[in-house]
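Written below as structure tokens is the structure these notes are about.
Atoms considered below: every heavy atom in the structure, side chains included; atoms not considered: hydrogens, waters and symmetry mates.
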Amino acid sequence: MCGITGWVSFDRDLTQQRERLDAMTRTMDCRGPDAGGVWLDRRAALGHRRLAVIDIEGGTQPMVLPTDDGPVVITYSGEVYNYTELRSELLRRGHRFETRSDTEVVLHGYVEWGEAVAERLNGMFAFAVWDSRVEKLVLIRDRMGVKPLYYYATDDGVLFGSEPKAILANPLADRAVDLAGLRELVSFTQTPGSSVWCGMNEVVPGGLVTVDRSGLREHRYWTLPTRPHTDDRETTVATVRELLEDIVSRQLVSDVPRCTLLSGGLDSSVITALAAAKLGRPGEHGEAGEKVRSFAVDFVGREDDFVADELRGTTDAPYAREVAAHVGSQHEAIVLDHASIADPDVRRAVITARDSPLSLGDMDTSLYLLFKAIRQQSTVALSGESADEVFGGYRWFHLPEVQAAQTFPWMAVFVSGARAQVSDRFNADITAALDLPAYIKDRYAEALGEVERAEGESDHEARMRELCHLHLTRFVRMLLERKDRISMAVGLEVRVPFCDHRLVEYVYNTPWSLKSFDGREKSLLRAATADLLPKSVLERVKAPYPATLDPHYTGALLQQSKELLTTDDPVFDLVDRGWLENITRQDCATMPIDVRNGMERVLDLSTWLDIYRPELRL
């Protein structure tokens with residue numbers, strides 16, 4: 001896992017731009033703390049920061065493959081899990097390798113198959129290839145968008161990077177945000193291809209961008225396919241299990257310490273159990289197996305003070321311990337106090353990592369602190385992220401009123417909270433200019449237009465396909481971006497087995513009646529892994545990532561908000577000062593969670609404005 005950046009220009013000599021490329025590359029230091037490199041030619045300049053995971057000695061980048069017609073150069077981020085099979089195929093085709101890295105396999109794969117190499121890759125990746133033979137840049141991103149990749153068209157070429165901050169480090173990039181960008185910040189829609197920053201776009205998941213002298217072109221090599229599903233229940237359950245075992249086995253490959261994230265929910269418990277079973281087996285040469293390490297986040301006093309609510313009926317810690325004992329993992333809980341998650345410096349680190357104030361408040365700061373603690377012991381972590389989107393795990397999938405709502409389903413559930421966190425915090429002029437209801441309506445219609453109905457599908461099955469598609473192309477991307485940015489801010493590679501495109505495609509095309517055959521959420525996943533887990537975990541109702549309910553945390557936010565109100569912070573060009581003043585008069589012990597979240601967002605927005613100092617064109 002790494003950070004990449006670069007610059008292509010057809011009107012200037014980029015060999016004279018080393019200083020600017022170095023500045024762009026330095027912004028990716030946190031993504032690649034182990035090594036860095038740059039490569040410059042007249043028309044292209046590529047930068048790379050490396051987090052060494054496979055072939056520690058041999059995977060240096062940017063990587064150059066000489067050819068008779070000129071070099072082909074790659075700067076690459078991510079992991080390709082089928083690289084050993086591809087390497088064998090390329091060897092048979094006459095290629096010769098100097099390293100054991102997956103990067104070199106992808107580079108040779110491009111030389112062999114061109115842009116079509118993307119269709120052969122299984123993994124999470126974002127990379128750029130400069131093909132000097134034809135003076136063309138190729139940007140490729142994985143199917144589910146696990147790894148980020150942005151680009152910014154210039155008058156004579158393009159800038160690109162793993163994160164916006166790499167592009168913004170170049171003076172050619174306009175550090176500005178307009179109404180369109182602000183809508184993306186607060187609408188909770190995550191439109192594919194969009195960016196907060198004027199003139200900047202992302203390579204869409206499953207997307208490919210080429211840049212040459214004739215211009216910039218975009219292409220999708222993968223979209224979520226609609227296919228007939230003919231397997232019966234028994235075969236479907238068995239196929240899910242077979243896929244999961246193969247996926248976890250592939251994603252455990254690493255030359256550095258690895259672990260799992262274990263909350264005690266079904267998803268993370270499945271990944272931990274499969275990893276424990278795989279690692280615990282004797283090796284090919286008779287060497288003893290190993291214990292998987294697992295980590296969880298918790299808060300001081302949470303078990304003693306926990307009060308169930310509509311979202312979280314149980315606390316995680318007892319279930320995580322039970323799973324760890326059941327599968328034999330070496331488990332550790334990272335316990336955080338209110339002061340650490342309310343620390344303005346931690347908030348600043350999170351906002352810097354995310355390049356935007358689109359934050360989940362304490363759930364982001366606690367995740368950052370969890371990842372930071374894990375990174376001291378492991379470099380790679382396997383996560384249960386995305387299982388809810390793949391298998392239909394959210395409770396709102398099963399609510400008739402949400403199924404019928406003509407909007408994004410997560411908004412149908414959290415609309416009152418969204419108002420408190422978004423619309424109410426802005427002044428009247430900004431709220432009117434944003435016109436978020438119209439924007440969300442348009443994005444919803446646009447998203448539904450991408451869904452292909454299956455032949456012979458009932459109206460109900462077709463609607464459930466739509467809901468699954470919305471989650472797999474919109475909602476999951478917000479979570480994946482959060483996971484990537486916060487983990488890479490501390491140099492931790494988090495892998496997401498449930499995002500393997502083979503599993504995603506198979507389960508997406510499984511009828512909803514099979515996905516919920518026992519009347520519960522994630523029926524297929526539960527049935528496919530029932531032999532691996534304690535009964536209590538199999539029967540546990542889903543609980544989201546934990547949030548702190550400590551009134552001392554709310555009190556710390558109140559104090560920070562009061563201090564903000566004594567200043568002329570530019571946040572008040574956007575936010576209604578009177579709204580925030582009213583909040584600070586409330587009692588922290590009785591403050592509703594959505595109001596507290598709104599206060600978090602204002603502090604996040606203030607921090608973002610201070611870090612990036614964007615020009616707001618509203």
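- Contact between T473 and P192 at its shortest, heavy atoms only, is O-CG, 4.2 Å.
- Between R613 and R175 there is no side-chain heavy-atom pair separated by less than 4.5 Å.
- Between R133 and V111 the shortest side-chain heavy-atom distance falls below 4.5 Å.
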Next on the checklist: Using the rule given for salt bridge (Lys or Arg N to Asp or Glu O under 4.0 Å), can you reason through D131 versus K136, listing the C-alpha separation, both sets of side-chain angles and the distance that settles it, and then say yes or no?
Outcome noted: CA-CA 5 Å; D131 190 340; K136 179 174 70 173; 5.8 Å; no

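- Between D41 and R43, no side-chain nitrogen of the basic residue sits less than 4.0 Å from a carboxylate oxygen of the acidic one, so the salt-bridge criterion is not met.
- In terms of the ring-ring contact (aromatic ring centres under 6.0 Å, His included) criterion, H501 has no residue partners (sequence neighbours excluded).
- Shortest non-hydrogen contact noted between V105 and R87 is CG2-CB, 3.8 Å.
- Contact detail for S294 and T272: the closest heavy-atom pair is CB-CG2, 4.4 Å.
- To the nearest 0.5 angstrom, D345 atom CG is 12.5 Å from T365 atom OG1.
- Considering only heavy atoms from C-beta on, S359 stays 4.5 Å or farther from E600 through its side chain.
- Between W410 and H471, the ring planes lie perpendicular to each other; the angle is over 60°, past the 30° to 60° tilted range.
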Item to check | L90 vs W113, side chain to side chain contact (heavy atoms under 4.5 Å, CB included): CA-CA, chis, key distance, verdict | outcome: CA-CA 10 Å; L90 289 164; W113 298 301; 3.7 Å; yes

Checklist entry - Should R12 and Q17 be marked as a side chain to side chain donor-acceptor pair (under 3.5 Å) after you check the CA-CA gap, both sets of side-chain angles, and the distance that decides it? => result CA-CA 9 Å; R12 69 186 80 201; Q17 300 294 330; 5.7 Å; no

Checklist entry - Step by step, would you call Q61 with T103 a side chain to side chain donor-acceptor pair (under 3.5 Å)? => result CA-CA 9 Å; Q61 296 186 51; T103 303; 3.2 Å; yes

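- Listed for the N509 side chain is a donor-acceptor partner under 3.5 Å among the backbone atoms of E505.
- Residue pairs meeting the salt bridge (charged side-chain N to carboxylate O under 4.0 Å, His left out) criterion with at least one partner in residues 182-196, sequence neighbours excluded, are absent.
- Looking at every heavy atom in both residues, S101 comes nearest to T99 through OG-OG1, 2.9 Å.
- A distance-only check finds no donor-acceptor pair linking the side chain of S249 to the backbone of E245 [under 3.5 Å].
- Between Y545 and L367, the shortest heavy-atom distance links the atoms OH-N, 3.2 Å.
- When all heavy atoms are compared, the tightest approach of M63 to L107 is O-CD2, 3.7 Å.
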Checklist entry - Given the rule in the side chain to side chain contact (heavy atoms under 4.5 Å, CB included) test, do T191 and E446 qualify, once you have shown the distances and angles that lead to the verdict? => result CA-CA 9 Å; T191 306; E446 182 179 270; 3.6 Å; yes

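- Checked by atom type and distance alone, the side chain of D156 pairs as donor or acceptor with a backbone atom of D11 at under 3.5 Å.
- Remark: the backbone N or O of D69 is paired with a side-chain donor or acceptor of T67 at under 3.5 angstrom.
- Remark: side-chain polar atoms of D34 are paired, donor with acceptor, to backbone N or O of A52 under 3.5 angstrom.
- The environment of E242 atom CD is sparse: at most 12 non-hydrogen atoms of other residues, nucleotides or ligands sit within 6.0 angstrom.
- Judged by distance alone, the side chains of D500 and Y81 never bring a donor and an acceptor atom under 3.5 Å apart.
- Once rounded to the nearest 0.5 Å, the distance linking CG of N122 with CG of N82 reads 5.0 Å.
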Checklist entry - Going through the distances and angles, do D102 and Y76 end up as a side chain to side chain donor-acceptor pair (under 3.5 Å)? => result CA-CA 10 Å; D102 57 337; Y76 167 88; 2.9 Å; yes

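- For residues 159-173, every residue pair satisfying the side chain to side chain donor-acceptor pair (under 3.5 Å) rule, not counting sequence neighbours, is listed here: R31-E163, E163-K165, K165-D355.
- V146 has its side chain out of reach of D484: every pair of non-hydrogen atoms, C-beta onward, lies at least 4.5 Å apart.
- Side-chain contact check for V72 versus V129: some heavy-atom pair is nearer than 4.5 Å.
- Residues L605 and W608 have side chains in contact (heavy-atom distance under 4.5 Å, counting atoms from C-beta outward).
- With salt bridges taken as basic N to acidic carboxylate O contacts below 4.0 Å, one links D246 and R250.
- For R375 (side chain) and G491 (main-chain N/O), a donor-acceptor pair under 3.5 Å exists by modelled atom type.
- For the pair L46 and F160, the minimum side-chain heavy-atom distance is below 4.5 Å.
- Formation of a donor-acceptor pair under 3.5 Å by the Y151 side chain with backbone atoms of I167 is not found in this model.
- With respect to R258, the side-chain hydrogen bond (donor to acceptor under 3.5 Å, both in side chains) criterion is satisfied by exactly one of E493, Q251, E290: E290.
- For the pairing with R477, the side chain to side chain contact (heavy atoms under 4.5 Å, CB included) check across E202, R482, M144 returns one residue only, E202.
- E135 contributes no side-chain N or O that, together with a main-chain N or O of R213, makes up a donor-acceptor pair within less than 3.5 Å.
- Between F498 and F391, the angle of the ring planes goes over 60°, which puts this pair in the perpendicular group of the 30/60° scheme.
- Not a single donor-acceptor pair under 3.5 Å links the side chain of R617 to the backbone N or O of D178.
- If you take CG on L479 and CD on E389, they are separated by 5.5 Å, rounding to the nearest 0.5 Å.
- Under the 30°/60° scheme for interplanar angles, the aromatic rings of H95 and H108 are found to stand perpendicular.
- The CD1 atom of I140 lies 7.5 Å from the CG atom of L121; values are rounded to the nearest 0.5 Å.
- Checked for salt-bridge contact, R120 and E112 miss the test: no charged N lies under 4.0 Å from a carboxylate O.
- We find the SG-CD distance between C259 and E332 to be 10.0 Å, quoted to the nearest 0.5 Å.
- Within the model, atoms CZ of F125 and CG of L149 stand 11.0 Å from one another, a figure rounded to the nearest 0.5 Å.
- Geometrically, R443 engages Y439 in a cation-pi contact defined by less than 6.0 Å to the ring centre and at most 45° from the axis.
- Inter-residue side-chain proximity for S268 and L261 is flagged as unmet; no heavy-atom pair is nearer than 4.5 Å.
- Between the side chain of R143 and the backbone N or O of E119, at least one donor-acceptor pair lies under 3.5 Å.
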Next on the checklist: Using side chain to side chain donor-acceptor pair (under 3.5 Å), reason through D212 and S214 one step at a time and then give a plain yes or no.
Outcome noted: CA-CA 5 Å; D212 57 22; S214 63; 2.6 Å; yes

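- Aromatic rings from W39 and H48 are positioned such that their centres are separated by 6.0 Å or more.
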Next on the checklist: Could you go through L470 and F475, starting from their C-alpha distance and side-chain angles, then the distance that decides it, and tell me whether this counts as side chain to side chain contact (heavy atoms under 4.5 Å, CB included)?
Outcome noted: CA-CA 7 Å; L470 291 172; F475 194 74; over 6 Å; no

